Amino acid sequence: MIDLRLLREDTDLVRASQASRREDPSTVDTLLAAADRRRDAVGRADTLRAEQNTTSKRVGKAAPEERPQLMARAKQLAAAVKAATAEESAAEAALREAHLAVPNVIEDGVPAGGEDDYVVLKEVGNRPEFDGFAPKDHVELGQLLGAIDTERGAKVSGARFYYLTGQGALLQLALLNMAVVQAVETGFTPVITPSLVRPEVMGGTGFLGAHAAEVYRLEADDLYLVGTSEVPLAGLHMDEILDLSGGPRRYAGWSSCYRREAGSYGKDTRGIIRVHQFDKVEMFSYCDPADARDEHGRMLAWEEQMLAKVELPYRVIDVAAGDLGSSAARKYDCEAWIPTQGRYRELTSTSNCTTFQARRLNIRFRDAGGRPQTAATLNGTLATTRWLVAILENHQQPDGSVIVPTALRPYLGGREVLEPV
RNA sequence: GGAGGGCUCGCAUAGUGGCCUAGUGCGGCGGUCUUGAAAACCGCUAAGAGGGGUGACUCUCUUCGUGGGUUCGAAUCCCACGCCCUCCGCCA
């Protein structure tokens, strides 16, 4: 939910944000009208309640002969309060609905437009050259190495499921462990999170809006399978007032992630690029909104640090407004070069959600004056299963073996090469 | 699956229709005293919404798990729901 004070003070900014997202700017005016209506309703109801309170208090103390009069007046007021309260809650509900319809206000500098309107901020590293052989894709490499079994994944669970076996399982554990170690060294608290969350948490993080179809729901228990540990990490401090005087509160969550991939039929059906279940180490930060932009920069730098460790060529893009999702004010993706696809694919994504998520989840902190204020939340990827695709493809040798990036070797018991089995 | 207990201002508790403007203890903050500290004593001690003032502030309303209901008036009475905990059974 966006800040209503900002909406009142700078309505045009919010309208412009909607325009950049290619969304309907009239939702902004609907919200403004709903906010005004609620304010008026609250004022009227408060005044009536105040009068009713003083009147009914006098009833108890009144002399018997003046009671009937007071009671009559009190009854009138009770009816008036009831009507005013009904209008108040109707206005409240309308405001909430209008509030939920407006996505976060984008940060200045975010490119306008949709999915294809991103801006490339930089390209890092050299794409591999395969002298005298055609590079194999990760599915073929995964088979040769006995690392990835998509056929049996499909047999047991259906399309977009897979087994990581042998070197594949070890490689994923090594990668995720390396991510956790980096996070801990940087000052993050490592967390293993619940995979199932309640509706209010899933809704509070913004995943039940336009992307609700992406989320697995367990009907019998009214719980949701998380698509990322961002969800339980955001829920961790909901309804709390945090002490952020010592700087941002940072968590690194390790979890499996579940996605229905509805509407992506036929896209990336081969291999483990787009799957229903994968594992991820995710950074999450609670901070003072004044510090959020800098924190976002730090998150991006930590992601790049990971990419450097696995020696992948990548580029950083500034995601366009229309492709941000409802919670993010700005989003940077790091995309690794995938040789057999001849293009870059997303490996990390870091979002600055400013106060949007925290306002819904009621996450606050005390400012310098000791007053509660809404906190800012940010998240970013440190490693996922998808990284295996880029690592295998970029570091492959003609015989199908794969060189293990130096930084990763200690996490694989010193292994320098993955050999076909 | 079955049975029971609970949900009050950070924590613990009191509170069975108007004296609750929610008390008390702990913790926390400030002060007195002290060379300093402790102890003792004194004071302060939640959140949200709306309004007024440049501002330190101030006024009003709301909140005792949530939502309804009864009543002039509800933490307190009635109904529904949610959540937490314990025990039994079953399973890992």
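The sequence lines fix the lettering, A, B, ..., with proteins before strands; numbering per chain opens at 1. Fair warning: this is a prediction, and the values are worked out from it, not measured in the lab.
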Between [X] and [Y], does any side-chain donor sit less than 3.5 Å from a side-chain acceptor?
| X | Y | answer |
| --- | --- | --- |
| A/Arg49 | A/Gln52 | no |
| A/Glu419 | A/Gln167 | no |
| A/Asp24 | A/Gln18 | no |

For [N], which nucleotide in any strand shown is its Watson-Crick or wobble partner with both distances under 3.5 Å?
| N | answer |
| --- | --- |
| B/A14 | none |
| B/A92 | none |
| B/C81 | B/G65 |

Nearest whole angstrom, please: distance from the P of B/A74 to the CZ of A/Arg49. 12 Å
Specify the separation, in whole Å, of atom CD of A/Glu92 and atom C1' of B/U62.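 So the CD-C1' distance, A/Glu92 to B/U62, works out to 10 Å.
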Are A/Arg38 and A/Glu88 close enough for a salt bridge, meaning some N to O gap below 4.0 Å?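 Here A/Arg38 does not pair with A/Glu88 in a salt bridge, since their nearest N and O are not under 4.0 Å apart.
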Of the candidate nucleotides B/A47, B/G18, B/C83, which contains the atom at the shortest distance from the side chain of A/Arg198?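 Nearest listed nucleotide: B/C83.
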Of the nucleotides B/U60, B/G48, B/C57, which has the atom closest to the A/Arg371 side chain?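 Output: B/C57.
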According to a strict under-4.0 Å criterion, is A/Gln52 in side-chain N/O contact with OP1 or OP2 of B/G73? yes
Just to confirm, is there a sub-4.0 Å distance from OP1 or OP2 of B/U60 to any side-chain nitrogen or oxygen of A/Asn53? no
